Amino acid sequence: MTVLANEQVIDGKGWRSGALVERRKLSQWFLKITDFADELLEGLGGLDQWPDKVRLMQENWIGKSQGLKCRFKFPGSSDGIDVFTTRPDTMFGASFVAIAADHPVAQKLAANAPELQAFIEDCRKGGTTAAEIDTAEKKGFNTGLTVEHPLDASWHLPVYVANFVLMDYGTGAVFGCPAHDQRDLDFARKYDLPVTRVVADGDETDSNFQGDTAYTGPGRIVNSHWMDGLTIDQAKADVIAKAEAEGWGEGQTQYRLRDWGVSRQRYWGTPIPIIHCEACGAVPVPENQLPVKLPEDVSFDIPGNPLDRHPTWSKVDCPQCHQAARRETDTLDTFVDSSWYFIRFASQPGGKPFDRTIAEQWLPVDQYIGGVEHAILHLLYARFWTRALSKIGMIDVKEPFASLFTQGMVTHQTYQDTDGNWLTPEQVKRDGDIWTIIETGEPAVAGRIEKMSKSKKNVVDPDDIVDQYGADAVRWFMLSDSPPERDLEWSESGIEGCWRFVQRLWRLTGQISGADGQDKALDRKTHQAIAGVGADIEALSFNKAVAKIYDLANAIEKAAPSASRDAAIRTIVLLSAPMVPHLAEEAWTKLGEGMIADMPWPDVDPALLVEDEVTIAVQVKGKLRDTLTVAKGLRQEEMQALALASQKVQHAIDGADIRKVIVVPDRLVNIVI
RNA sequence: GCGGAUGUGGCGGAAUGGUAGACGCUACAGACUUAAAAUCUGUUGUCCUUUUGGGCGUGCGGGUUCGAGUCCCGCCAUCCGCACCA
């Protein structure tokens with residue numbers, strides 16, 4: 001048996017095996033991340049060095065919503081159907097109550113109603129893919145039951161089982177207010193239920209709502225007795241207060257976040273340290289018996305969990321009553337391990353997970369880097385884990401990662417043979433638009449460009465190009481072009497150029513001349529490079545840092561021998577060391593300077609960052625007509641005079657009246673005619 | 001459907017509202033060479049022009065501004081996340 005996640009089920013079959021999938025109730029281990037939902041949400045506010053995108057994704061994932069939970073009673077009974085709504089202000093617009101197919105009330109009714117039973121079956125078959133949900137029709141089954149409206153016991157509403165109501169959110173039941181909810185409106189139109197307007201944004205206060213588009217915008221309450229004229233927010237508060245006062249409902253907060261299912265029925269994971277005892281129930285493995293180790297004599301030749309069928313591993317005595325008991329054979333989701341590895345990384349004592357004092361010195365992680373694909377799962381789990389450890393007093397750290405940088409994904413084209421088996425890029429070759437499998441000569445199909453993944457085999461092993469060009473050239477290549485936050489389609493075009501640059505750099509280090517003399521222009525370039533490269537590396541803009549090193553190399557090559565040039569050569573070795581460490585170290589030794597790893601980043605002379613001449617643009621009516629090289633800090637009137645003296649400018653003005661002249665110091669002159 | 005991002009030469013990509021295309025790749029031409037490789041020099045957005053020059057250009061359409069790749073409004077396309085969440 002294999003257990004699949006929702007996203008691994010396609011058309012009711014396993015995505016890989018194609019085996020039919022059935023739903024079964026399994027008892028599994030969950031971690032109660034929902035207890036931390038609010039904290040995790042609040043904590044996002046303090047993570048100001050995280051990308052907004054990731055914070056927003058987590059916020060949406062946690063999905064906090066506030067509203068009213070209230071009971072629609074069966075007439076003459078205290079029993080009823082509990083409903084959650086974020087729009088208690090629209091209660092007077094209610095026209096039906098809808099419950100999920102899995103709702104207990106529906107289940108109970110179905111026992112004696114084959115038609116309902118069939119409808120429920122139908123709902124379950126409904127797909128979960130985007131397209132299916134988009135096109136899925138709103139369908140309902142009138143149960144014949146009615147419930148009392150909480151605000152008016154004489155008003156009875158019909159109860160439907162509806163395919164669009166989810167059992168695992170809220171109470172599994174809703175009241176439908178068609179005028180102000182699109183799904184409810186679709187449903188009401190189909191089953192010809194009343195549609196009453198209770199929110200109006202202007203003149204339209206007619207209680208009879210027309211059209212097929214629900215109104216969900218702001219406005220004032222209408223057709224709602226004592227609430228008429230209130231704002232939506234006032235009405236919400238009003239209804240909740242009334243419900244609480246009268247005892248038929250209460251304000252409630254709902255989360256979309258669900259508990260974290262950590263059970264995996266497979267070998268490669270941390271054993272869940274629990275022993276099941278007939279008498280004592282689930283008993284934790286005592287601390288002195290931790291860690292529980294996986295057995296090594298296992299076989300993988302038949303499907304299923306090898307731990308389950310191991311002859312002895314699960315047979316243990318209960319730690320409490322010492323009767324024969326059974327070890328839990330589920331293992332933990334590997335996300336569990338990645339939820340605290342950074343704490344272990346910070347301190348690695350023997351015999352316990354981490355040393356609190358040392359870990360607290362290092363944490364939180366100053367700069368965490370990972371792909372966006374971890375925006376929710378890993379990063380939310382790690383935040384949860386850290387808070388949970390903090391709550392049980394094991395560490396005084398709330399947020400694990402102070403600053404987050406999400407690098408883009410590396411993508412590559414995918415290839416398949418005609419049977420749909422994935423092929424690696426090395427297995428195929430291209431001839432025009434035709435792809436063939438190198439080994440067999442059979443045709444191959446080039447597919448989408450996707451994130452590199454082992455399952456689709458569109459991965460490239462860097463070892464090959466490392467062998468060919470060396471680790472430094474490959475490193476330089478990977479840093480040089482694309483900014484790291486952007487997705488990147490892997491291509492080796494350009495690696496040749498990088499390899500050439502590495503050679504160039506090496507040749508430069510052989511050109512120390514011992515000459516005297518200063519080259520002010522080169523000194524300036526050198527110091528601008530020190531400042532620029534340093535700032536770019538700090539900002540993780542490695543591609544820009546690389547460009548500035550190229551610039552400096554070009555300048556050095558053009559310069560005549562001088563003390564300045566020798567200094568520039570030493571500097572460029574230092575600047576490139578983070579990106580081509582092996583070569584830089586070798587070159588530094590050649591220059592007789594010891595270990596580059598011990599060297600500080602070169603100092604910048606701020607005086608040399610300032611140019612004493614600048615090139616300014618001269619525009620006529622916003623169009624560039626000339627550029628002039630002038631002394632930096634030149635007075636505006638002089639800039640204007642020089643600009644007007646330009647022949648090209650005079651030609652462009654062509655005798656027209658000058659209406660206005662805009663002068664931006666050290667940048668441009670714009671003459672408006 | 002909701003939320004978010006992205007869109008600039010043949011390609012990867014630069015540009016505090018102020019010279020668009022830095023830097024690299026590719027391509028082409030030249031130097032060196034018996035020849036090739038390596039290296040070096042130059043050209044390389046596009047159109048018109050012999051040149052000098054000039055027109056047009058940052059997905060599309062508007063707007064603000066002396067001046068817009070950058071700001072505002074409205075579209076389009078692609079990608080990512082969530083998705084009948086009441």
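Order of the sequence lines fixes the chain letters, A, B, ..., with proteins taken first and strands second; residue numbering starts at 1 for each chain. Values in this document were obtained by computation on a predicted structure and should not be read as measured data.
For A:L166, the listed nucleotide lying nearest its side chain is B:C85; candidates were B:U26, B:C85, B:C66. Distances were taken from every side-chain heavy atom of A:P483 (C-beta onward) to each of B:G13, B:C66, B:A86; the shortest belongs to B:G13. For A:R256, the side-chain atoms get nearest to B:C82 when compared with the rest of B:C82, B:U19, B:C40. For A:N554, taking side-chain heavy atoms from C-beta onward, the closest of the listed nucleotides B:C23, B:C66, B:G53 is B:C23. Listed candidates were B:U19, B:A86, B:G12. Nearest to the side chain of A:A617 is B:U19. Residue A:T627 places its side chain closer to B:U19 than to any other of B:U19, B:A22, B:C84. Here B:C80 is the nucleotide among B:G18, B:C80, B:C23 with the atom lying nearest to any side-chain atom of A:K53.
When the side-chain nitrogen and oxygen atoms of A:S65 are compared with OP1 and OP2 of B:A86, one or more of them lie within a distance under 4.0 Å. In this model, the phosphate group of B:G24 is not approached by any side-chain N or O of A:Y550 to a distance below 4.0 Å at OP1 or OP2. Remark: A:R500 is in phosphate contact with B:C25, judged by side-chain N or O atoms under 4.0 Å from OP1 or OP2. In this model, the phosphate group of B:C66 is not approached by any side-chain N or O of A:K621 to a distance below 4.0 Å at OP1 or OP2. Using a 4.0 Å cut-off, no side-chain N or O of A:N60 falls inside it from OP1 or OP2 of B:G81. When the side-chain nitrogen and oxygen atoms of A:S482 are compared with OP1 and OP2 of B:G12, none of them lie within a distance under 4.0 Å. Listed pair A:K544 / B:A15 meets the phosphate criterion, a side-chain N or O lying under 4.0 Å from OP1 or OP2. Residue A:R183 has a polar side-chain atom (N or O) positioned under 4.0 Å from OP1 or OP2 of B:C85.
When heavy atoms are screened at a 4.0 angstrom cut-off, A:G63 is found touching no nucleic acid atom at all. Across all strands, A:D551 comes closer than 4.0 Å only to sugar-phosphate atoms, never to a base (heavy-atom distances). Within the 4.0 angstrom heavy-atom criterion, base atoms lie near A:V664. Among the protein residues, A:L56 comes within range of the sugar-phosphate backbone only, with heavy atoms under 4.0 Å from sugar or phosphate atoms but none that close to a base. Base contact: A:F84 has a heavy atom under 4.0 Å from a base atom. A:R625 comes within 4.0 angstrom of sugar-phosphate atoms only, judged by non-hydrogen atoms across all strands, and of no base. Among the atoms of the strands shown, none is found under 4.0 Å from any heavy atom of A:K548. If you check every strand for non-hydrogen atoms under 4.0 Å, A:V661 touches nothing. Across all strands shown, A:R659 has no heavy atoms under 4.0 Å from either base or sugar-phosphate atoms.
Pairing for B:C71 is with B:G63, a Watson-Crick or G-U wobble pair whose two hydrogen-bonding atom distances lie under 3.5 Å. Using Watson-Crick or G-U wobble geometry with both donor-acceptor distances under 3.5 Å, B:A5 finds its partner in B:U78.
With C1' as the reference atom, B:C85 and B:A5 are 24 Å apart, rounded to whole Å. One P atom belongs to B:U44, the other to B:U52, and the distance between them is 12 Å to the nearest Å. Distance check on atom P: B:A14 versus B:G4 gives 24 Å, rounded to whole Å. Taking atom C1' in both B:G53 and B:G61, the straight-line distance is 32 Å, to the nearest Å. Rounded to a whole angstrom, the distance from the C1' atom of B:U64 to that of B:C80 is 32 Å. Spacing of P atoms, B:G12 relative to B:G63, comes out at 32 Å, to the nearest Å. B:U65 sits 23 Å from B:G59 when the P atoms are compared, rounded to a whole Å. Separation of the P atoms belonging to B:C25 and B:U33 is 25 Å when rounded to the nearest angstrom.
A donor-acceptor contact under 3.5 Å is formed by the side chain of A:K138 with the base of B:C84.
Ion pairing between A:R55 and A:D52 holds under the 4.0 Å rule for side-chain N and carboxylate O. A salt bridge links A:D168 with A:R258; the closest basic N to acidic carboxylate O contact falls under 4.0 Å.
Looking at A:Y381, A:F36, A:F30 one by one, the single match for ring-ring contact (aromatic ring centres under 6.0 Å, His included) with A:W260 turns out to be A:Y381.
In this structure the side chain of A:Q503 reaches within 4.5 angstrom of the side chain of A:R507, judged on heavy atoms.
Environment of CD in A:E637: crowded, with over 12 heavy atoms of neighbouring residues, nucleotides or ligands closer than 6.0 Å. In this structure, A:K64 places its NZ atom where more than 12 heavy-atom neighbours from other residues, nucleotides or ligands lie under 6.0 Å away.
If you measure from atom CD1 of A:I495 to atom C1' of B:C25, you get 12 Å, rounded to the nearest angstrom.
For B:G9, the base is syn relative to its sugar; the glycosidic angle is within 90° of 0.
Taking the six-membered ring where the residue is Trp, A:Y368 and A:H378 present tilted rings, their angle falling between 30° and 60°. By the 30° and 60° cut-offs, the orientation of the rings of A:F187 relative to A:Y191 is tilted.
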